[in-house]
Number of protein chains: 2
Amino acid sequence: MARSNRQSNRGRTSRRAVYETLRRKVLTLELPPGAALSENELAAALGVSRTPVRESLILLSQEGLVQIFPQVGSFVSRVDPAKVADAQFLREAVELAALGDLPAELDPELVDALRHNLAEQRRPGLALEEFFELDEAFHQTLLRLSGHGSAWATVVSAKGHLDRARRLGLYDTASPAGFADQHVEIFDAVLVGDLALAHAAMRTHLRAVFDDVERIRARSPELFATDSGTVPVRRNVVVWE
Amino acid sequence: MARSNRQSNRGRTSRRAVYETLRRKVLTLELPPGAALSENELAAALGVSRTPVRESLILLSQEGLVQIFPQVGSFVSRVDPAKVADAQFLREAVELAALGDLPAELDPELVDALRHNLAEQRRPGLALEEFFELDEAFHQTLLRLSGHGSAWATVVSAKGHLDRARRLGLYDTASPAGFADQHVEIFDAVLVGDLALAHAAMRTHLRAVFDDVERIRARSPELFATDSGTVPVRRNVVVWE
DNA sequence: CGACCGGTGCTTGTATACCAGGGCTGCCCG
DNA sequence: CGGGCAGCCCTGGTATACAAGCACCGGTCG
């Protein structure tokens with residue numbers, strides 16, 4: 001196989017590249033819920049062997065983004081409203097607890113980062129993907145502000161379903177401005193030390209996704225899991241290239 | 001809680017068996033922090049090929065229980081106090097939030113399960129491993145009582161470091177009776193609907209692990225990570241058989 | 001005596017071959 | 001014409017072969 005696909009291994013393994021690629025495609029809905037993922041096809045499309053593809057799928061499976069049915073097939077998992085609710089519950093619990101743990105003296109560097117982030121969020125002509133990245137960074141930085149930044153990794157791996165639902169919602173409304181306003185509200189409350197207000201603003205902000213989920217579910221039910229009985233259908237092939 | 005992996009051929013994959021075996025050995029400290037894990041040796045010892053072993057190690061690596069250094073080796077990760085704190089923070093946030101979400105009418109079946117569980121915890125001659133299983137079930141059932149039972153899976157995958165620290169602590173003190181009392185205290189507060197008391201009891205209970213960690217760390221520093229600079233040393237071989 | 005340098009054996013990473021099992025299709029029979 | 005059944009083909013699961021890289025060790029040279 002051509003070894004020119006990647007420059008030599010310098011901490012950058014093929015598996016990691018494949019994993020990140022697939023994860024991004026799933027989260028951005030480029031690989032839509034329900035899409036069939038053939039290890040052979042993915043390997044051929046990405047120019048690697050089955051091994052790194054397979055290992056990546058196993059990782060995504062553990063995150064709940066992919067379902068693997070032995071001897072049947074692997075599929076992008078449909079958005080499960082129950083899992084969305086779980087991720088939402090977990091995230092809200094963590095972020096609210098973090099607000100309660102904010103130190104008296106806020107790290108000025110992180111505060112500056114937040115300020116700059118919020119300014120970027122209101123930049124005109126901001127692409128949706130850019131907004132998502134800023135949104136991620138905003139919440140992560142808030143967690144770091146409370147000294148629990150590394151807990152963010154767990155939240156990230158658990159909120160895959162949530163992210164897809166949020167994306168569905170934003171692709172629909174296409175108005176991240178409201179969320180940016182909520183971010184500012186949270187940030188201001190944190191700055192003045194109004195814990196109750198910060199809590200309320202954060203809770204409102206995080207729960208806004210539920211409205212989106214229900215709205216999108218009514219419009220595109222095929223993206224959501226019906227019951228626990230997900231029937232794998234092999235013919236449900238979706239090309240992603 | 002019966003596991004269905006051995007009942008039928010379905011789902012009885014070699015990888016799952018290897019993964020569960022290795023995870024158990026790591027969590028029970030049978031594979032101590034710092035132990036070298038050679039894919040070849042593990043495969044030979046478990047009677048399988050490298051493939052399922054390797055895939056299991058990758059999964060454990062994502063949970064933070066194992067560290068994989070490409071072209072160098074794989075090792076049982078040392079107990080990182082920072083990660084213990086993170087897991088503790090996340091768990092506390094989730095479980096306290098769950099207490100706040102308890103419905104007015106508690107599921108009588110789950111309440112019975114909790115009652116029975118607590119009785120078992122006080123059974124004389126209880127083995128430590130049995131107590132750990134009961135402890136796990138107790139907290140999981142509490143989460144289910146609040147309707148967020150499936151969020152437990154995320155907590156489980158994140159609290160590997162925490163579990164090892166708790167085990168270290170209990171192997172040292174060998175007195176789970178105190179924890180059983182705390183469980184009863186939480187349960188009683190939940191039953192009478194005293195949210196504040198339940199919160200306080202849960203917080204005290206969950207934070208007890210910190211005392212253990214510091215005590216054990218002073219006694220057995222080699223089990224803990226020194227800094228972020230973890231230097232893999234190949235000669236650090238530990239046999240586990 | 002000490003520092004450097006290359007061989008050697010181990011490690012994980014990747015590719016490939018083979019296996020068991022289940023869905024799909026199309027023939028065959030009623 | 002319709003239902004049942006058998007074989008094909010694709011699936012993921014596992015085993016194995018090969019490749020790349022780092023640590024250790026021993027010899028050699030300054």
Side-chain angles (χ1 to χ4, degrees), chain A residues 1-22 34-62 66-77 230-239, chain B residues 5 8-22 34-62 66-77 230-239:
Chain A
M1 192 63 64
R3 62 178 51 93
S4 59
N5 55 354
R6 278 279 178 267
Q7 67 166 11
S8 187
N9 339 359
R10 192 56 183 174
R12 217 59 182 175
T13 67
S14 183
R15 181 182 79 227
R16 188 149 196 95
V18 171
Y19 168 76
E20 290 173 355
T21 297
L22 289 180
L37 300 174
S38 164
E39 295 181 357
N40 281 314
E41 288 180 14
L42 290 176
L46 297 173
V48 295
S49 79
R50 270 184 61 199
T51 306
V53 172
R54 171 180 175 74
E55 292 171 351
S56 298
L57 288 182
I58 290 175
L59 285 175
L60 293 172
S61 164
Q62 190 173 252
V66 164
Q67 285 178 296
I68 301 178
F69 299 91
Q71 328 303 353
V72 176
S74 302
F75 305 85
V76 178
S77 62
T230 39
V231 182
V233 181
R234 194 175 275 172
R235 82 176 64 184
N236 196 359
V237 177
V238 179
V239 290
Chain B
N5 61 346
S8 74
N9 304 341
R10 188 100 179 200
R12 191 197 76 188
T13 67
S14 185
R15 181 182 80 227
R16 187 147 196 96
V18 171
Y19 168 74
E20 291 174 355
T21 297
L22 289 180
L37 300 174
S38 164
E39 294 180 359
N40 280 315
E41 289 181 13
L42 290 176
L46 297 173
V48 295
S49 79
R50 269 185 62 201
T51 306
V53 171
R54 173 180 173 75
E55 292 171 350
S56 297
L57 288 182
I58 290 176
L59 285 176
L60 293 172
S61 164
Q62 191 174 252
V66 164
Q67 286 178 296
I68 300 177
F69 299 92
Q71 326 300 359
V72 176
S74 302
F75 306 84
V76 178
S77 62
T230 38
V231 181
V233 182
R234 194 174 276 175
R235 81 175 70 178
N236 196 0
V237 177
V238 178
V239 290

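Every heavy atom of this structure was used, including side-chain atoms; hydrogens, water molecules and symmetry mates were not. Values in this document were obtained by computation on a predicted structure and should not be read as measured data. In the text below, chain A, chain B and the rest are named by the order of the sequence lines, each starting its count at 1.
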Any residue meeting side-chain hydrogen bond (donor to acceptor under 3.5 Å, both in side chains) with B/Arg15, in chain and number order, not counting sequence neighbours =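 Not a single residue meets the side-chain hydrogen bond (donor to acceptor under 3.5 Å, both in side chains) criterion with B/Arg15.
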Within less than 4.0 Å of OP1 or OP2 of [N], is there a side-chain N or O belonging to [X]?
| X | N | result |
| --- | --- | --- |
| B/Thr13 | D/dG13 | no |
| A/Arg54 | D/dG13 | yes |
| A/Ser49 | C/dT14 | no |
| B/Thr51 | D/dT16 | no |

request  = Have a look at A/Arg15 and say if it touches a base, only the backbone sugar-phosphate, or nothing, with a 4.0 Å heavy-atom cut-off.
outcome  =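 Touches sugar-phosphate only.
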message = Heavy atoms only, 4.0 Å cut-off, all strands: where does B/Ser14 land among base, sugar-phosphate and nothing?
response =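 Result for B/Ser14 = sugar-phosphate.
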Tell me: [atom1] of [X] to [atom2] of [N], nearest whole Å?
| X | N | atom1 | atom2 | answer |
| --- | --- | --- | --- | --- |
| A/Phe69 | C/dG21 | CZ | P | 19 Å |
| A/Phe75 | D/dG12 | CZ | C1' | 11 Å |
| A/Arg50 | D/dG13 | CZ | P | 8 Å |
| A/Asn40 | C/dC18 | CG | P | 15 Å |
| B/Leu59 | D/dG13 | CG | P | 12 Å |
| B/Leu57 | C/dT12 | CG | P | 8 Å |
| A/Glu39 | C/dA17 | CD | C1' | 15 Å |
| A/Tyr19 | C/dG13 | OH | P | 16 Å |

key: Side-chain touch B/Gln62/B/Ile58, heavy atoms, less than 4.5 angstrom   =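 Heavy-atom side-chain distance check fails, nothing below 4.5 Å.
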key: Partners passing side chain to side chain contact (heavy atoms under 4.5 Å, CB included) against B/Ser61 (at least two apart in sequence or in another chain)   =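 With neighbours one apart ignored, the set is B/Ile68.
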ask   = What is the distance from atom CD of B/Gln67 to atom CG of B/Leu37, rounded to the nearest 0.5 Å?
value =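 If we round to the nearest 0.5 Å, B/Gln67:CD and B/Leu37:CG are 11.0 Å apart.
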ask   = How many angstroms lie between OG in B/Ser38 and CZ in B/Phe75, if you round to the nearest 0.5 Å?
value =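 Going from the OG atom of B/Ser38 to the CZ atom of B/Phe75 covers 10.0 Å.
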request  = Give the intermediate values and the outcome of side-chain contact (heavy atoms from CB on, under 4.5 Å) for residues A/Arg16 and A/Glu20.
outcome  = CA-CA 6 Å; A/Arg16 188 149 196 95; A/Glu20 290 173 355; 3.5 Å; yes
If you restrict it to nitrogen or oxygen atoms, what contacts under 3.5 Å exist between nucleotides 5-7 of chain C and the protein, and what is each distance?
none

message = As a test of reading the structure: which of D/dT16, C/dT11, D/dG12 is closest to the side chain of B/Gln71, going by heavy atoms?
response =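 That would be C/dT11.
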query = Given D/dA15, D/dT11, C/dG22, which nucleotide is nearest the side-chain atoms of A/Glu41?
reply =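 Of the candidates, D/dT11 comes closest.
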task = Would you name the heavy atoms of B/Val53 and B/Glu39 that are closest together and state the gap between them?
result =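 For B/Val53 and B/Glu39, the tightest heavy-atom pair comes out as CG1-O, 3.9 Å.
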ask   = How do B/Ser74 and A/Pro52 order along DNA chain C: which one's closest nucleotide is nearer the 5' end?
value =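 Nearest-nucleotide comparison on DNA chain C picks B/Ser74.
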